[in-house]
There are 2 protein chains.
Amino acid sequence: MALEHAILVSLAERSGTGYELARRFDASIGNFWKASHQQIYKVLGRMESDGLVTSEVVVQDGRPDKKVYAITDAGRAELAHFTTEPSAPEPLRSSFAVKLRALEHGDRDAILADVHRMRALHAEKLAYYETSAERFYPDPDALDPADVGPYLVLRGGIIGEQTALSWCDEILERLEGRAPR
Amino acid sequence: MALEHAILVSLAERSGTGYELARRFDASIGNFWKASHQQIYKVLGRMESDGLVTSEVVVQDGRPDKKVYAITDAGRAELAHFTTEPSAPEPLRSSFAVKLRALEHGDRDAILADVHRMRALHAEKLAYYETSAERFYPDPDALDPADVGPYLVLRGGIIGEQTALSWCDEILERLEGRAPR
DNA sequence: ATGGACATGTAAGCCGTTACATGATTTG
DNA sequence: CAAATCATGTAACGGCTTACATGTCCAT
């Protein structure tokens with residue numbers, strides 16, 4: 001159950017409300033660990049009972065009150081302990097691959113259209129990652145030590161998207177008999 | 001819920017028992033869609049109620065009786081319909097990436113050891129995929145049409161593992177300050 | 001006035017994992 | 001004699017999604 005740990009990482013970087021965490025999961029952490037706001041609220045509640053985080057209610061006028069969560073020493077200890085455990089290889093699930101495997105049992109044109117669609121999505125995500133990299137880590141050889149982990153994760157995202165794009169191109173080349181684009 | 005569809009693809013390729021399907025999920029389909037035998041049995045039961053598959057009990061001596069499942073016309077129709085739907089991008093989950101992001105909050109040596117471990121796992125899987133490719137598709141330019149989908153999926157696995165390996169190497173280079181291996 | 005951002009939740013239900021259960025045959 | 005393979009399931013539990021619920025402020 002690494003959602004806890006993803007939340008702990010996020011809170012170790014900066015305290016925030018459940019709402020803020022949900023947005024961070026949309027924009028950054030969520031690139032390698034997805035979670036909805038509903039689930040984040042639920043897990044935050046449990047983590048507070050477990051003493052991994054504390055919350056402080058901040059009264060706002062004109063806006064709903066908010067609960068700012070912060071990581072505790074126990075939370076930091078749990079996070080540190082988590083890093084000592086071997087990673088379980090995540091079971092991967094790709095309905096796109098299932099669809100591709102079903103090529104002979106389905107609608108070839110629809111699948112091709114889907115490949116084009118996937119390609120565009122990956123291109124978009126790659127562009128987003130590359131923009132982030134240039135913006136936040138313009139000089140990767142002079143990184144603040146605190147940035148090394150996040151930078152390497154972003155690099156993983158970049159080469160992952162590049163590979164996904166190459167895969168789409170290879171599929172299109174073989175199925176459409178020409179180089180794409 | 002693409003497990004159904006993964007099962008349908010598998011049964012469209014060849015009929016088989018729940019047990020056999022579970023092993024195929026271990027060896028081939030499972031490379032892009034994981035499922036345990038317990039879950040496969042459960043879903044097969046539902047799929048039979050829904051008329052997507054039929055089963056025939058085969059009595060064996062010396063061995064437990066087995067139920068051989070086969071795809072029905074309704075199952076084929078469902079599979080064909082599935083291929084016309086746009087793929088939902090699977091939310092990716094990587095506890096390894098969470099760990100890497102937690103580099104500054106955890107045990108650097110343990111994380112490095114984990115990277116080495118992951119690298120070995122990916123190398124192993126890549127070797128397995130490459131062996132499969134050579135064995136089943138020695139001449140990719142003269143594929144049986146029924147093999148094109150499976151071949152392209154395998155290609156995706158291969159370049160995915162290559163990328164994972166490169167990522168590990170990049171991490172090790174940056175964290176250990178030298179080329180790995 | 002409509003919609004989006006801010007802010008926090010509950011409820012229902014499926015999906016999936018882990019553990020348990022059984023029992024014969026083949027292989028080392 | 002022990003372990004793996006063949007073969008099929010049930011039960012309990014937790015994770016996660018989808019839908020629902022509420023209410024204010026700000027910008028267009």
Side-chain angles (χ1 to χ4, degrees), chain A residues 1-8 10-11 15-27 29-30 32-50 53-69 88-95 98, chain B residues 1-8 10-11 15-27 29-30 32-50 53-69 88-95 98:
Chain A
M1 187 195 359
L3 172 54
E4 279 185 6
H5 301 115
I7 290 175
L8 286 175
S10 199
L11 288 179
S15 297
T17 66
Y19 187 83
E20 279 171 354
L21 282 170
R23 274 185 310 152
R24 288 187 219 169
F25 270 75
D26 276 347
I29 310 264
F32 48 92
W33 200 277
K34 287 282 174 212
S36 62
H37 72 106
Q38 293 91 333
Q39 203 193 340
I40 287 170
Y41 283 123
K42 218 185 292 180
V43 173
L44 275 173
R46 192 185 62 213
M47 289 170 76
E48 190 169 17
S49 314
D50 294 348
V53 299
T54 46
S55 68
E56 198 187 346
V57 175
V58 176
V59 179
Q60 301 183 114
D61 51 46
R63 295 251 173 111
D65 294 355
K66 62 183 182 182
K67 271 196 240 175
V68 178
Y69 287 92
E90 303 301 326
L92 57 99
R93 300 201 151 119
S94 166
S95 54
V98 173
Chain B
M1 187 193 358
L3 172 54
E4 279 185 8
H5 301 116
I7 289 175
L8 286 175
S10 199
L11 289 180
S15 298
T17 66
Y19 186 82
E20 278 171 353
L21 282 169
R23 272 184 310 151
R24 287 188 219 168
F25 269 76
D26 276 347
I29 310 262
F32 49 91
W33 201 277
K34 286 283 173 211
S36 61
H37 73 107
Q38 293 91 333
Q39 203 192 341
I40 287 170
Y41 283 123
K42 218 186 292 181
V43 173
L44 275 173
R46 192 184 62 213
M47 290 169 76
E48 190 168 17
S49 314
D50 293 348
V53 299
T54 46
S55 68
E56 199 188 344
V57 175
V58 175
V59 179
Q60 302 184 114
D61 52 45
R63 296 250 172 114
D65 294 355
K66 61 183 180 181
K67 272 195 239 175
V68 178
Y69 286 91
E90 304 300 327
L92 57 97
R93 301 204 150 117
S94 166
S95 55
V98 173

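So that the names make sense, note that chain A is the first sequence line, chain B the second, and so on, each numbered from 1.
The backbone N or O of B/G45 sits nowhere less than 3.5 Å from a side-chain atom of B/E48 that would complete a donor-acceptor pair.
In this structure, B/R93 and B/D65 both approach DNA chain D, and ranking their closest nucleotides by distance from the 5' end singles out B/D65. Nucleotides of DNA chain D nearest to B/K67 and B/P91 differ in position, and the one nearer the 5' end is that of B/K67. Residues A/Y69 and A/K42 each lie close to DNA chain C; by heavy-atom proximity, the contact nearer the 5' end of the strand is made by A/Y69.
In this structure, the separation between CG on B/L44 and CD on B/E4 is 10.0 Å, given to the nearest 0.5 Å. To the nearest 0.5 Å, the span separating NZ on A/K67 from OH on A/Y41 amounts to 9.0 Å.
Residue B/R23 places at least one side-chain N or O closer than 4.0 Å to OP1 or OP2 of D/dC6.
Side-chain contact check for B/L11 versus B/L21: some heavy-atom pair is nearer than 4.5 Å.
The side-chain contact (heavy atoms from CB on, under 4.5 Å) with B/M47 is formed by just one residue from the set B/T54, B/L8, B/L3; it is B/L8.
The OH-P distance, from A/Y41 to D/dT17, rounds to 16 Å in whole Å. Atoms CD (B/Q60) and P (D/dT5) sit 17 Å apart, rounded to a whole Å. Computed from coordinates, the A/K66 NZ to D/dT24 C1' distance equals 15 Å when rounded to whole Å. The separation between A/H5 atom NE2 and D/dG15 atom P is 12 Å, rounded to whole Å. Between the CD atom of B/Q39 and the C1' atom of D/dG14 there is a distance of 14 Å, given to the nearest Å.
Side-chain proximity of B/Q38 to D/dT17, D/dT8, D/dT10: nearest is D/dT10.
Smallest separation of non-hydrogen atoms from B/W33 and A/S95: CZ3-N, 3.5 Å.
On the nucleic acid side, DNA chain C has its first and last nucleotide under 4.0 Å of a heavy atom of chain A at C/dA5 to C/dT17, going 5' to 3'.
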